Structures are given as structure tokens and as C-alpha cells.
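In what follows, a structure is listed as C-alpha cells, so that the remarks can point back to it.
Please read all numbers here as calculations on a predicted model, not as lab measurements.
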Amino acid sequence: MSGERRPLADRPLTEPHPSRLSPEHPDRARILAAHDAALAAGEAGYLDPESGLFVLSAAFLARRGTCCGRGCRHCPYVDDPQSG
């Protein structure tokens, strides 16, 4: 997948694919709030409220134009339920 130009998935950048962030994840609301704040501020990402690691935003990943194949939480290219 690395370097391959692909169209964006048919979902808003604010909504990660369920294979990357489950609707049942206990910190989903906090994670999405941090992601939304990064999107609104035009930042490349945010600090994950659970782990403290830096997570790239969907907008940043979309601007790159390609999927890196590393399983990013907010990958805007993932559209297959089997991707993960």
C-alpha cells in the first residue's frame, strides 16, 4: 500500500473506520474530541488521551495523498471492513 495513490473513503474525516477505532472503545468520546480539536486547529495530530502518544489526524493523512499502510487510527483511505 505504501505510496499508492488511492481515493479517500466515503465517510467524513471526523469518523474513523470501525476497524481502527471501535464504536465500543471506552475512550472513544475523548479520542474523537481530541481529534476534532486538532482538525479545527489545523494541527497535524493530537496526543492520545489514553496513551499519550502522538496520533496523526485524518486531514493530515489525507493531505499526504497516499496510504502508508501502517494502520493509522484515522486513516482516511480505509474503506474495507477487512482492512486493519
Q: Taking side-chain contact (heavy atoms from CB on, under 4.5 Å) as the test, write out the residues that go with A9, two or more places apart.
A: R11, D79
Q | Under the side-chain contact (heavy atoms from CB on, under 4.5 Å) test, residues paired with P12 that sit two or more places apart | A | T14, E15
Q. Who else is in the cluster with L13 when I, L, V, M, F, W and Y are joined by side-chain contacts under 4.5 Å?
A. none
**Q.** Distance in Å, L61 CG paired with C67 SG, rounded so as to fall on 0.5 Å steps
**A.** 8.5 Å
Q) Just how far is it from atom CG of L32 to atom CG of L39, taken to the nearest 0.5 Å? A) 10.0 Å
Q. Who are the salt bridge (charged side-chain N to carboxylate O under 4.0 Å, His left out) partners of R30, not counting sequence neighbours?
A. D27
Using residues 42-51 as the side-chain source, report each donor-acceptor pair under 3.5 Å to any protein atom, sequence neighbours left out, with the distance given to one decimal.
| from | atom 1 | to | atom 2 | distance (Å) |
| --- | --- | --- | --- | --- |
| Y46 | OH | R73 | NH1 | 3.1 |
| Y46 | OH | H74 | NE2 | 2.6 |
| D48 | OD1 | R73 | NH1 | 2.6 |
| D48 | OD1 | R73 | NH2 | 3.1 |
| D48 | OD2 | E50 | N | 3.0 |
| D48 | OD2 | S51 | N | 2.6 |
| D48 | OD2 | S51 | OG | 3.0 |
| S51 | OG | L53 | N | 3.2 |

Q) Is the backbone N or O of A62 less than 3.5 Å from a side-chain atom of Y77, with the two atoms forming a donor-acceptor pair by type? A) yes
Q. Hey, which of R70, R64, H35 is the one that makes side-chain contact (heavy atoms from CB on, under 4.5 Å) with L56?
A. R64
Q: For residues C75 and H17, determine if any side-chain heavy atom of one lies less than 4.5 Å from a side-chain heavy atom of the other.
A: no
